[in-house]
Amino acid sequence: MSNYLVKVKHIWPTFVYVCWGTTLMLVMLRWVFAIHFKVFDFSDTFWEIWMPFLVPVPGVLLVLPIKTKAIVYRNKKYKRGLPMISYIVIVAMLVISQMFTTAYFGELRQVKTVNEIDRHPLVKYYKIGHYALPQRWMGRFVRVSTSGRGRMRLNFDGYAVFPMLNDTSIVDLQKPAKYWYGFHINQRYSNTVSEAHKKEYYTHFVQYLLTQARASAYQKPDHFENLNAGDHQFLYLKSVSDKFYTIPEDAVVLSPVYETYDERTGNLLLWVFGAFGIGTILLAIQLTEGEFYSKELLKS
């Protein structure tokens, strides 16, 4: 058997176990303690971003080295290749699988009016029969940030909200609505232009945000997604203060979804396998380097 096939046979099973074992473990952990028994009440962002970056560490630092120590590299930089590839692949699989878990186990509740939502515990998705969006009371907020190498990109993230009511004639400035229709868009510009051009970009973006938000209010979505479980809901709620004096502590932002409920997971499950497939290709390329040291195998 060639040196390359020996390395593949030695590393491949452990790579598969670590990748899929970690992915399935986190899905089961979330389903048991957060979805079924509701012991944990963490946000979707916690499960989809923070946990995927933390959970792979034990497997990559403790399990994989047991096998990778049998491969000796002349160039030390290649020694970090296998752990790095494994970590990136597992993170990608965890992020996508957690997004799939969020969508797949998200419950849909049908209500006739917005006020009916209060009669039941909050769920992930709602199909609302009747609601009114008073456009006069639309609020907006724009978050400005920079990114890229040397902060060369100027980012505008626009958030707009409408109070969701049964009757548009009932609006209380002292006591804003509990449920809000949320709309979001973003655009990227060059950050290397003059301040005058940046102000033009901002003015143009605000007008574009208002136009698109008003147009969205006239469209009929299939259902709404409850953003209450996401960490970015506070950005929508900042728009409330654009028109109202206070922001309700129990405010809930509902984002329109135009795809059907049955299409909520999209191709996420296929992307989990795709991430693993890409990782397998990178692993195969990485194993072309280094020599397999059989004595190390006997010790492991």
Side-chain angles (χ1 to χ4, degrees), residues 44-45 48 99 102-103 106 108 113-114 117 124-148 152-169 171 173 176-191 193 195-244 247-248 251-261 263-264 266-267:
D44 293 340
T45 305
E48 295 173 6
M99 292 172 63
T102 299
L108 175 69
T113 64
V114 176
I117 299 177
K124 183 66 176 175
Y125 302 104
Y126 287 96
K127 186 181 285 288
I128 306 173
H130 171 75
Y131 59 90
L133 304 176
Q135 297 206 15
R136 177 186 175 188
W137 302 105
M138 178 183 68
R140 55 91 172 173
F141 169 73
V142 178
R143 183 176 66 170
V144 182
S145 62
T146 56
S147 63
M152 296 182 65
R153 286 197 295 270
L154 181 64
N155 311 313
F156 292 148
D157 284 274
Y159 300 84
V161 294
F162 300 88
M164 298 185 73
L165 307 170
N166 288 345
D167 186 350
T168 57
S169 64
V171 178
L173 289 177
K178 179 178 179 179
Y179 299 101
W180 296 82
Y181 176 102
F183 177 80
H184 169 250
I185 58 172
N186 60 75
Q187 286 190 346
R188 305 290 178 261
Y189 299 91
S190 171
N191 196 34
V193 298
E195 290 298 322
H197 278 90
K198 293 178 185 178
K199 290 181 180 179
E200 288 182 13
Y201 290 157
Y202 181 84
T203 302
H204 176 270
F205 177 78
V206 170
Q207 292 301 319
Y208 180 70
L209 168 65
L210 298 177
T211 301
Q212 293 299 311
R214 291 191 180 100
S216 173
Y218 285 107
Q219 298 176 12
K220 184 66 175 177
D222 180 77
H223 60 281
F224 290 89
E225 179 182 357
N226 173 16
L227 302 182
N228 192 42
D231 289 340
H232 62 289
Q233 179 180 245
F234 77 97
L235 293 170
Y236 286 91
L237 294 180
K238 282 189 175 184
S239 305
V240 177
S241 59
D242 184 40
K243 292 290 185 180
F244 293 85
I247 301 176
V252 176
V253 178
L254 301 175
S255 176
V257 180
Y258 297 96
E259 297 82 10
T260 64
Y261 176 72
E263 298 173 320
R264 65 192 183 282
N267 295 321

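Everything numeric here is computed off the predicted structure, so don't read it as measured data. Computed from heavy atoms alone, side chains included, the values below leave out hydrogens, waters and symmetry copies.
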Checklist line | Donor-acceptor contact present, side-chain Lys124 to main-chain Glu225, <3.5 Å | finding: no

Checklist line | Side chains of Tyr202 and Lys198 in contact at under 4.5 Å (non-hydrogen atoms) | finding: no

Notebook entry, point to check: Taking atom OG of Ser255 and atom OH of Tyr181, what is their separation to the nearest 0.5 Å?
Noted result: 7.5 Å

Checklist line | Nearest heavy atoms of Gln135 and Ala217, plus distance in Å | finding: NE2-CB, 3.9 Å

Margin query: Testing the basics here: between Pro221 and Tyr131, what is the closest heavy-atom pair and its distance to 0.1 Å?
Written below: CD-OH, 3.4 Å

Checklist line | Close aromatic pair by centroid cut-off 6.0 Å: Phe224 and Tyr126 | finding: no

Margin query: Could you report the tightest heavy-atom contact between Met138 and Lys243, atom names first, then the distance?
Written below: O-CE, 3.1 Å

Checklist line | Arg143 side, atom CZ; Tyr159 side, atom OH - distance, nearest 0.5 Å | finding: 4.5 Å

Notebook entry, point to check: Can you name the nearest heavy-atom pair linking Ala177 to Pro248, along with the distance?
Noted result: O-CG, 3.4 Å

Notebook entry, point to check: Do the side chain of Arg264 and the main chain of Ala103 share a donor and acceptor less than 3.5 angstrom apart?
Noted result: yes

Margin query: So, taking the atom named CG in Asn186 and the one named CG in Leu209, what distance separates them when rounded to the nearest 0.5 Å?
Written below: 11.0 Å

Item checked: Donor-acceptor pair between His130 and Asn166 side chains, under 3.5 angstrom -> no

Next item on the list: Would you check, one step at a time, whether the test side-chain contact (heavy atoms from CB on, under 4.5 Å) holds for Tyr261 with Tyr125?
Entry: CA-CA 8 Å; Tyr261 176 72; Tyr125 302 104; 3.6 Å; yes

Note to self: Determine whether a donor-acceptor pair (N or O, by modelled atom type, separation under 3.5 Å) exists between the side chain of Thr203 and the backbone of Glu200.
What the structure shows: no

Next item on the list: Please round to the nearest 0.5 Å and tell me the distance separating atom OH of Tyr201 and atom NE2 of His197.
Entry: 6.0 Å

Notebook entry, point to check: Atom OH in Tyr179, atom CD1 in Ile117: separation rounded to 0.5 Å?
Noted result: 5.0 Å

Check: Where do Leu237 and Ile247 come nearest, in terms of heavy atoms and distance?
Finding: O-CD1, 3.2 Å

Item checked: Test item: Phe141 and Leu235 side chains (from C-beta on) under 4.5 Å apart, heavy atoms -> yes

Next item on the list: Ignoring hydrogens and angles, tell me if any N or O in the side chain of Ser239 forms a donor-acceptor pair with the backbone of Val161 under 3.5 Å.
Entry: no

Next item on the list: Calculate, to the nearest 0.5 Å, the distance between atoms OG1 and CD belonging to Thr45 and Gln233 respectively.
Entry: 11.0 Å

Checklist line | Test item: side-chain donor near acceptor, Thr146 and Asn191, under 3.5 Å | finding: no

Margin query: Taking Gln212's backbone N and O only, do any of them form a donor-acceptor pair with Ser216's side chain (distance below 3.5 Å, no angle check)?
Written below: no

Note to self: Quick one, Phe205 with Tyr189, criterion side-chain contact (heavy atoms from CB on, under 4.5 Å). Give me CA distance, side-chain angles, the key distance, then yes/no.
What the structure shows: CA-CA 10 Å; Phe205 177 78; Tyr189 299 91; 4.2 Å; yes

Margin query: What verdict does the side-chain contact (heavy atoms from CB on, under 4.5 Å) test give for Lys127 and Asp222, after you've listed the backbone C-alpha separation in whole Å, the side-chain angles of each residue and the deciding distance to 0.1 Å?
Written below: CA-CA 7 Å; Lys127 186 181 285 288; Asp222 180 77; 3.4 Å; yes

Checklist line | From CA spacing to verdict: side-chain contact (heavy atoms from CB on, under 4.5 Å), Val142, Asp157 | finding: CA-CA 6 Å; Val142 178; Asp157 284 274; over 6 Å; no

Notebook entry, point to check: Taking all atoms of both residues into account, what is the closest heavy-atom pair of Ile128 and Met164, and its distance?
Noted result: CD1-CE, 3.9 Å

Check: Aromatic ring centroids of Tyr208 and Phe156 under 6.0 Å?
Finding: no

